[in-house]
Amino acid sequence: MSYAHSAGTRSGRLLLLLPLQAVSLAGLGLLVTGPLAGRWPLSAEDGVNRALADRREAVATALSDGMSLLAGTESIVALTLVAVLALLLVPRIARWREAAFLAGAVAAQSAVFLLVTLLVGRARPDVPHLDAAPPTSSFPSGHVGASTALFGGLAVLAAGRLRGGRRGLVVGMLLLVPLAVAASRVYRGMHHPSDVVAGLLNGVCTLLVMTYALLRSAPGGSTPAGLPAPRTRPDGAAPDLMPDVTTGKAPQAAAVRAGPRRAVVVRHPHACGDGTAARVRALLHRHGYPGTDQTWTATTAEEPAGALAAHVAEADTALVVVCGGDGTVRACADVLSGSGIPLAIVPCGTGNLLARNLRLPSDPDTALRAALTGTAVGLDVGRIHGDGLAPTRFTVMAGAGFDAAMVRDASARLKQRLGWPAYVLSALRHLGDPRMRLSVRLDGAAPLERRARMVVIGNVGSLQGGLPLLPDARPDSGRLEVVLLDPRGVAGWLAAAGHLLARSGSRAAGQRPGARPDRRAAGGALEYFSAERIELRFARPQPRELDGDAFAAGTRLTAHVEPGALRVCLPGRAPVGPAGATGVTAVTGAAEQTGAPEETQPAARATAPGIRPDGVH
């Protein structure tokens, strides 16, 4: 059976989930209008509508009018048509599958909406309506479902095609549209709050089905639009000589230097496509590592660092370049820690949290270029083991409970298409998971008995968007930070989120991270600790994760810090001092010259001898 035929069969089966979605949404509507109608929070919905109607004012009314117009049937149809035509007709961009995905999502959402309104009859809120009330049921909101399918679909496509800061900005703006539409429909008295929630569910579920059914990557890697697919070697490496992506000229081999001069490149074959691999090879060539001085190894499920251990055992390895996400970096760090061989990170994964915390460029090419002209400094790593978990190292965070379940259950395909928002969808499934009982032992002191939804041990502290989960964590502190998250109900989750957002704002304003956070925060929803050695014991087996990779559930985790064990190439213009000099001044000095805030300056305590002529020593 051909790949196309089997893929088409699977897609057809997945589309059968849409009738199930319609039936489920109709069942929810019958519950909302029947047995649950008089129960909280549904019993409070009329009060919400009346309160908003009593507080209407000109500016908010005008804004809500614009959002309702944007999500109206005529607008959605017109915008969908324009987007589909752009995907099909703009030169060198034509994407039939993406066009079918977008049009199909909008159409499928509408079909589900119409079927549900035939089965569920719900009157509009008993407040003055700012729009003409259509004859359809108030449940679910068609405006919200349609805007979620269209703008959410555009966000999915943007997440798959854009890179760097532009991706986050564009995706974030597109995802705000359906939320603004939802608020406007409640404000205008056209829907109850539960109606717009149902509309969001309809749109999101439709997008999930259509993403799985239609947005499937063909076998093999991808190349940027307009560039020919490079020839690859059996080990996954790109060709020996590739033209400079900026000048189009073939790179010139650098002068041969004495001493170790081989670069080992560890490539995650799915995260790092052929186009990125070709540009990595060309950049290394221009910085003194011609094809004969490059050794490429691909990762596998059995060997997450590829054949790195065998390669670094040879005496001529001068540099290791890792092209992948946090899991690949972690596996390579486990091999390299204590070896003195510098590591250059080319962020190609879903989260790239280590790269983000070190303020490395998000673009793979720029990140490698900065690493090859920067300074190698020593950073801490955490070494961890437990029942069923052999001793290994992590560079970002290790955790158990809610966060590990989120990592474990995140869809691989959605991570490939959406990036880190795929974890958000997974997290929603585990908000109601039960709390766990655990004990925390710090530096050999008496155990502390606690209950929590998750526990995280961090070498660095910021999550996506700069959210400071562990605000005092630094990769050169010689300590590991711990946080317990134990929110109670909706109010607890909101308090924890508000506290983290507030700390994020204070750090952005220039607050120094040196002052330790309160032991407890957000009304007890967060509790912080710091130690060189942490021992965790759980009453029942809990899911566990290291740097975004899920591991088998267990009842124990023991972690300790290895100070300055991993040398990482970081951007910096300051020269490297003599052998044995510290790396703190070199890195932070360059940041000070560019006016960077002090808390954004990664630092470390140890560097190795003499910088090479190309900037990496």
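These numbers were taken from a predicted model, which means no experiment stands behind them.
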Given the options V456, L485, V460, L469 meets side-chain contact (heavy atoms from CB on, under 4.5 Å) only with V456
Do the side chains of Q109 and I76 get nearer than 4.5 Å, heavy atoms only? no
Next on the checklist: Checking the side chain of N352 only, and the main-chain atoms of A355 only, is there a donor and an acceptor separated by less than 3.5 Å?
Outcome noted: no
Minimal heavy-atom distance between L175 and A155, with the atoms involved, is CD2-CB, 3.7 Å
To the nearest 0.5 Å, atom CZ of F394 lies from atom CG of D334 at 11.5 Å
Using the side chain to side chain contact (heavy atoms under 4.5 Å, CB included) rule, take I457 and L536 through it: C-alpha gap first, then chi angles, then the decisive distance, then the call.
-> CA-CA 10 Å; I457 304 171; L536 304 175; 3.9 Å; yes
When every non-hydrogen atom of V120 is compared with those of A26, the smallest separation belongs to CG2-O, 3.5 Å
*Report yes if some heavy atom in the side chain of P304 is under 4.5 Å from a heavy atom in the side chain of T299; otherwise report no.*
no
Could you check whether any side-chain heavy atom of Y212 comes within less than 4.5 Å of a side-chain heavy atom of L17, counting everything from C-beta outward? no
Between P347 and P361, the two heavy atoms sitting closest are CG-O, 3.6 Å
Please check if the side chain of S147 supplies one atom and the backbone of V181 the other of a donor-acceptor pair under 3.5 Å.
no
To the nearest 0.5 Å, atom CG of L546 lies from atom CZ of F551 at 4.5 Å
Requested in this report: For D131 and M190, indicate whether the former's side chain and the latter's backbone hold a donor-acceptor pair under 3.5 Å.
Outcome: no
Rounded to the nearest 0.5 Å, the CG atom of L69 sits from the NE2 atom of H143 at a distance of 8.5 Å
message: Treating S75 as the side-chain partner and A71 as the backbone partner, does any N or O pair qualify as donor plus acceptor under 3.5 Å?
response: no
With L150 as partner, the option from T80, L70, L207, V77 fulfilling side-chain contact (heavy atoms from CB on, under 4.5 Å) is T80
Hits for ring-ring contact (aromatic ring centres under 6.0 Å, His included) against H191, two or more places apart or cross-chain, chain-then-number order -> none
*asked:* Distance alone, cut at 3.5 Å: any donor-acceptor contact between the side chains of S194 and E45?
replied: yes
Discussion item. For T206 and Q21: C-alpha separation, side-chain torsions, deciding distance, then whether side chain to side chain donor-acceptor pair (under 3.5 Å) applies.
Written reply: CA-CA 8 Å; T206 303; Q21 174 185 325; 2.9 Å; yes
Quiz prompt | Any V265 side-chain heavy atom under 4.5 Å of C323 side chain | solution = yes
To the nearest 0.5 Å, atom SG of C205 lies from atom CG of L18 at 10.0 Å
* Take D363 and R166, measure what salt bridge (Lys or Arg N to Asp or Glu O under 4.0 Å) needs, and give me the verdict at the end. => CA-CA 10 Å; D363 175 69; R166 283 193 308 163; over 6 Å; no
* Asked: Regarding R330 and T395, is there a side-chain donor-to-acceptor distance under 3.5 Å anywhere?
  -> no
query: Does C348 reach the side chain of T276, with side-chain heavy atoms less than 4.5 Å apart?
result: yes
Here the salt bridge (Lys or Arg N to Asp or Glu O under 4.0 Å) pairs for residues 193-208, sequence neighbours left out, are R122-D195
Query - Donor-acceptor contact present, side-chain N357 to main-chain S462, <3.5 Å - result: yes
Looking only at heavy atoms, the pair that brings R408 and P543 closest together is NH1-CB, 3.7 Å
Smallest heavy-atom separation, V322 atom then C332 atom, equals CG2-SG, 3.8 Å
One should read off an interatomic distance between M454 CE and L438 CG, to the nearest 0.5 angstrom, of 12.5 Å
- Message: Within the structure provided, determine whether V407 and D403 are in side-chain contact (heavy-atom separation under 4.5 Å).
- Response: no
Task: Side chains of S68 and R185 in contact at under 4.5 Å (non-hydrogen atoms) - done: yes
Heavy-atom closest pair (R540 atom, T555 atom, distance to 0.1 Å) is C-CG2, 3.9 Å
To the nearest 0.5 Å, atom NE2 of H270 lies from atom NE2 of H268 at 6.0 Å
Check: Would you find a donor on one side and an acceptor on the other, under 3.5 Å apart, between the side chain of R97 and the backbone of L214?
Finding: yes
For a 4.5 angstrom cut-off between non-hydrogen side-chain atoms, does V112 reach V116?
yes
Backbone N/O of V396 and side chain of D547: donor-acceptor pair under 3.5 Å:
yes
